[in-house]
**Q** 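Dropping a structure here in structure tokens format, bear with me for questions.
Proteins get letters first, then strands, A, B, ... in listed order; numbering begins at 1 in each.
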Protein chains: 4
Amino acid sequence: MKFREPVRDKRQAILEAALVLFAERGFHGTAVPEVAAAAGVAAGTLYRYFASKEALVNALYQQWKGALLSALLSDFPVDESPRQQFHELWHRLGRFATRHPQEFAFLELHHHAYLDEASLKMEQSGMQLLKGFVEQAQAEQAMRPARAELIMALVYGAFVGLLKGCAQGYLKLTPALLSAAEQLMWEAIRV
Amino acid sequence: MKFREPVRDKRQAILEAALVLFAERGFHGTAVPEVAAAAGVAAGTLYRYFASKEALVNALYQQWKGALLSALLSDFPVDESPRQQFHELWHRLGRFATRHPQEFAFLELHHHAYLDEASLKMEQSGMQLLKGFVEQAQAEQAMRPARAELIMALVYGAFVGLLKGCAQGYLKLTPALLSAAEQLMWEAIRV
Amino acid sequence: MKFREPVRDKRQAILEAALVLFAERGFHGTAVPEVAAAAGVAAGTLYRYFASKEALVNALYQQWKGALLSALLSDFPVDESPRQQFHELWHRLGRFATRHPQEFAFLELHHHAYLDEASLKMEQSGMQLLKGFVEQAQAEQAMRPARAELIMALVYGAFVGLLKGCAQGYLKLTPALLSAAEQLMWEAIRV
Amino acid sequence: MKFREPVRDKRQAILEAALVLFAERGFHGTAVPEVAAAAGVAAGTLYRYFASKEALVNALYQQWKGALLSALLSDFPVDESPRQQFHELWHRLGRFATRHPQEFAFLELHHHAYLDEASLKMEQSGMQLLKGFVEQAQAEQAMRPARAELIMALVYGAFVGLLKGCAQGYLKLTPALLSAAEQLMWEAIRV
DNA sequence: CATGAATGAGTTTTCATTCAT
DNA sequence: TATGAATGAAAACTCATTCAT
């Protein structure tokens with residue numbers, strides 16, 4: 001009697017609205033009723049889906065940190081050369097950031113002082129997986145023998161810096177730019 | 001009846017207190033009375049020195065962004081080789097971040113959605129100066145001919161990533177680490 | 001798919017759940033959805049049986065105030081001596097409070113600022129009936145000639161105080177205790 | 001330059017306003033802004049004096065439970081006869097309830113489910129002191145050898161019942177009524 | 001100039017009630 | 001008739017800012 005209203009799912013609508021606002025104005029800079037209004041629901045409704053504002057931001061963080069890690073690592077070409085693996089990682093990062101610019105901004109351009117244990121655990125597990133890739137490449141003597149954490153911090157930091165430059169309008173995120181950036185950063189870490 | 005240190009300068013005390021709190025909890029996560037209390041002044045007094053909370057954070061941003069730019073660029077060895085100049089820039093960044101970790105965290109680890117024009121202008125003028133260095137090095141064919149903004153975004157992003165890794169405890173900011181990082185990033189951008 | 005007990009009567013289930021919660025946490029301290037959940041029905045269902053939260057608490061009050069009055073007065077031994085009648089009343093009060101401790105607590109240990117006219121009328125009619133007993137005993141010169149309302153207030157207040165002492169853990173409601181209390185209070189009012 | 005405005009003290013004004021409203025409508029039935037408005041202050045001001053609504057009600061409870069205990073026990077005539085001591089206690093209770101009817105109603109006519117440890121301790125220490133009086137009278141064989149807690153529950157309950165009767169309009173709190181009540185209750189407990 | 005109590009609009013959150021299913 | 005998601009007004013509480021002292 002009622003054609004599927006385009007409400008997909010209120011929980012999802014709330015998550016999407018929150019993402020946009022948190023990415024733009026930060027967690028503390030965004031009021032719950034603003035999120036609710038942007039999601040097209042009443043303020044009280046938000047609390048049927050999330051126990052608190054903090055629970056909401058953690059759910060958001062876990063959803064997208066998980067998506068990012070999954071995008072980076074699912075079906076990772078474990079048998080390829082380090083150079084090829086690096087290309088793959090950088091390319092996947094670029095694709096994720098191109099398709100989900102607000103999500104990436106939310107994840108990486110903000111200082112998250114309110115994360116719960118589950119969120120922190122997810123963060124750390126991602127680090128571990130990447131560390132494995134770095135150490136394997138080092139074992140194959142295809143990557144400089146610096147501390148794995150240092151290499152990861154520099155490479156990931158460089159990528160985030162690139163995205164920040166795009167967000168601020170200094171750069172435009174194109175395949176060519178990504179490719180150039182990849183080449184530079186590979187030079188930084190190759191043997 | 002009053003044993004506080006000679007009240008150096010209340011404005012300065014407020015700026016220092018605000019810096020610590022903003023770096024830790026962010027702008028919106030910090031209450032003005034907290035800042036005042038931490039500075040050892042009354043809440044009303046803060047408003048004699050700053051028109052609003054936003055004016056305070058902008059003053060802080062300009063103070064330290066200016067200090068950072070000044071640290072990077074004053075007496076810059078314009079006649080040295082690009083490699084030497086890069087070393088100098090990286091070393092100065094490292095020294096600044098080592099001496100002023102909270103200031104650096106405030107400047108670079110937060111998303112500043114409240115900056116006024118003066119702050120934005122300062123940000124941009126810093127970029128211009130660094131761009132000049134990159135372009136000169138490229139003119140000397142000592143640095144790859146990529147877009148200057150790309151090189152700056154990657155290098156500065158890598159440095160910020162390094163500091164974030166230190167802030168999160170994955171790394172420890174030592175001269176050796178800085179030196180290793182410098183070497184890697186130079187490889188990224190040298191011809 | 002549904003193993004709840006034969007849903008006796010939803011109205012009754014709601015009343016029972018409300019009683020427990022109102023007795024424990026008070027009317028304003030209890031949320032309607034909590035009552036519904038405790039009764040095993042949906043929140044909306046409650047409103048099929050009671051027009052509002054106030055209607056619910058008044059129905060509850062009337063149900064149990066009525067039950068208490070009925071327990072006190074049905075088949076009252078009108079021909080017995082005043083002493084015997086007092087014994088009967090005290091004993092019936094004790095039995096009611098023993099069998100229905102939460103009901104008694106709800107009725108007498110809370111300040112009911114929301115009673116409607118029907119509830120107040122019930123309260124008053126109970127008073128009238130007891131007043132008759134007192135006045136008859138006084139006419140027979142078996143009870144002191146104080147104001148009937150005074151005697152009732154003291155005796156009933158003493159009983160409530162006894163129950164409050166039990167609820168707080170100072171006393172334990174045993175037949176022996178009730179009997180001792182009865183004896184003391186009879187001494188208070190006998191000629 | 002400004003003659004002492006009749007604000008006595010805002011903390012006191014808040015306590016007084018809260019007392020009236022809590023006595024009438026109960027703790028959960030009273031909204032904080034109502035208390036503030038009745039006290040003639042802004043809602044936020046209340047929180048400068050009390051950390052929370054619960055802290056307010058506990059402060060109120062302790063203030064008046066303390067006043068009641070003090071009224072009962074300060075300069076207690078320890079050398080008088082038990083009968084005389086009972087008269088004194090009853091009289092003091094009556095005077096307190098006459099002078100502070102709302103305070104007494106707040107203390108004794110509500111179910112306080114939110115008391116903190118300090119409040120509970122105060123309650124218990126009052127009980128202990130009164131218990132001492134009962135036990136001494138029993139030792140002198142001037143009071144029936146029932147459990148002290150029972151005697152206290154009945155006598156105090158009777159007094160509360162009397163006040164409840166007055167609050168509901170059945171009785172009027174006069175010296176004569178108090179005196180009559182005292183005589184009845186003494187008969188209950190004397191040997 | 002400095003203070004800090006006071007403000008009241010704004011925040012997060014709750015809850016009595018409704019209504020589409 | 002029963003449901004329970006949705007509502008939105010109201011609750012408790014916070015905080016940027018003001019102003020009398």
Side-chain angles (χ1 to χ4, degrees), chain A residues 1-2 5 7 9-11 14 27-37 39-56, chain B residues 2 7 10-11 27-37 39-56, chain C residues 2 7 10-11 14 27-37 39-56, chain D residues 1-2 5 7 9-11 14 28-37 39-56:
Chain A
M1 226 51 119
K2 189 92 165 284
E5 8 175 342
V7 196
D9 186 56
K10 303 218 170 187
R11 188 187 147 90
I14 292 166
F27 175 70
H28 288 297
T30 304
V32 169
E34 286 177 313
V35 175
V41 304
T45 302
L46 193 145
Y47 286 89
R48 289 194 65 75
Y49 294 95
F50 302 97
S52 67
K53 195 186 176 188
E54 295 223 340
L56 167 59
Chain B
K2 190 97 162 281
V7 199
K10 300 204 178 201
R11 189 187 145 88
F27 174 70
H28 288 295
T30 305
V32 170
E34 281 179 310
V35 174
V41 305
T45 303
L46 192 146
Y47 285 86
R48 293 219 148 268
Y49 295 94
F50 302 95
S52 67
K53 194 186 179 188
E54 297 221 339
L56 167 58
Chain C
K2 190 96 162 283
V7 199
K10 299 204 180 203
R11 188 187 146 89
I14 292 165
F27 174 69
H28 284 116
T30 305
V32 170
E34 282 179 309
V35 174
V41 304
T45 303
L46 192 147
Y47 285 86
R48 294 219 149 268
Y49 295 95
F50 303 97
S52 68
K53 195 186 178 189
E54 297 221 339
L56 166 60
Chain D
M1 228 51 116
K2 189 89 162 288
E5 9 175 342
V7 197
D9 186 57
K10 302 217 171 190
R11 188 187 147 90
I14 291 165
H28 284 120
T30 305
V32 169
E34 286 177 311
V35 175
V41 304
T45 301
L46 192 146
Y47 287 89
R48 289 195 65 76
Y49 294 93
F50 302 96
S52 67
K53 195 187 178 189
E54 295 222 341
L56 167 58

**Q** Hey, does B/Ala43 reach any base, or is it just sugar-phosphate, or nothing, if we go heavy atoms under 4.0 Å?
**A**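 Contact class for B/Ala43: base.
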**Q** Under 4.0 Å, counting only non-hydrogen atoms across every strand here, what does A/Phe50 touch: a base, just sugar-phosphate, or nothing?
**A**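 Here A/Phe50 touches no strand at all.
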**Q** Rounding to an integer number of Å, can you tell me how far A/Leu46 CG sits from E/dC15 P?
**A**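 Going from CG in A/Leu46 over to P in E/dC15 covers 17 Å.
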**Q** Look at the side chain of B/Ala42 and decide which nucleotide, out of E/dA16, E/dG4, F/dA12, has an atom nearest to it.
**A**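 Looking only at side-chain atoms, B/Ala42 lies closest to E/dG4.
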**Q** Quick one: pull up OH in A/Tyr47 and CD1 in A/Ile14 and give me the separation to the nearest 0.5 Å.
**A**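 That separation rounds to 10.5 Å.
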**Q** In dot-bracket notation, what is the pairing pattern of DNA chain F, taking Watson-Crick (N1-N3 plus N6-O4 or O6-N4) and G-U wobble (N1-O2 and O6-N3) contacts under 3.5 Å, with [ ] crossing and | for other strands?
**A** .||||||||||||||||||||
**Q** Looking at D/Lys53, I'd like to know whether one of its side-chain N or O atoms comes within less than 4.0 Å of OP1 or OP2 on F/dC13.
**A**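 Result: no.
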**Q** Please tell me if the side chains of B/Leu56 and B/Tyr49 come closer than 4.5 Å, counting only heavy atoms from C-beta onward.
**A**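 No, their side chains stay 4.5 Å or more apart.
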**Q** Could you check how far NZ of A/Lys10 sits from C1' of F/dT7, rounded to whole Å?
**A**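 After rounding, the reported distance stands at 9 Å.
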**Q** For C/Glu34 and D/Gly40, find the nucleotide of DNA chain E closest to each by heavy atoms; which residue's nucleotide sits nearer the 5' end?
**A**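 Looking at the nearest nucleotide for each, D/Gly40 comes out on the 5' side.
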**Q** For B/Val32, which contact category applies under a 4.0 Å heavy-atom criterion: base, sugar-phosphate, or nothing?
**A**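 Base, at least one base heavy atom under 4.0 Å.
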**Q** Assess B/Lys53 against B/Phe27: is NZ or CZ under 6.0 Å from the centre of the six-membered ring, and within 45 degrees of the ring's axis?
**A**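 Yes; both conditions hold, so B/Lys53 lies above the ring face of B/Phe27.
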**Q** Between C/Arg48 and D/Glu54, which residue's closest nucleotide on DNA chain F lies nearer the 5′ terminus?
**A**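 Going by which nucleotide is closer to the 5' end, it is C/Arg48.
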**Q** 5'-most contact on DNA chain F: B/His28 or C/Tyr49, nearest heavy atom basis?
**A**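 So the residue in question is C/Tyr49.
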**Q** In whole angstrom, what separates A/Ile14's CD1 from F/dT7's C1'?
**A**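 Result: 13 Å.
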**Q** Name the residue closer to the 5' end of DNA chain E, choosing between C/Gly44 and D/Gly44 according to the nucleotide with the nearest heavy atom.
**A**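 Per heavy-atom nearest nucleotide, the more 5' residue is D/Gly44.
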**Q** How many angstroms lie between CG in D/Leu46 and NZ in D/Lys10, if you round to the nearest 0.5 Å?
**A**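 Rounded to the nearest 0.5 Å, the CG-NZ separation comes to 12.0 Å.
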**Q** Out of F/dT7, E/dC15, F/dT1, which nucleotide sits closest to the side chain of C/Ala31?
**A**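 My answer, after comparing the listed nucleotides, is E/dC15.
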**Q** Tell me whether the OP1 or OP2 atom of F/dC19 has a side-chain N or O from B/Tyr47 closer than 4.0 Å.
**A**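 No.
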**Q** Just checking D/Pro33: base, sugar-phosphate only, or nothing, at a heavy-atom cut-off of under 4.0 Å?
**A**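 Sugar-phosphate contact only.
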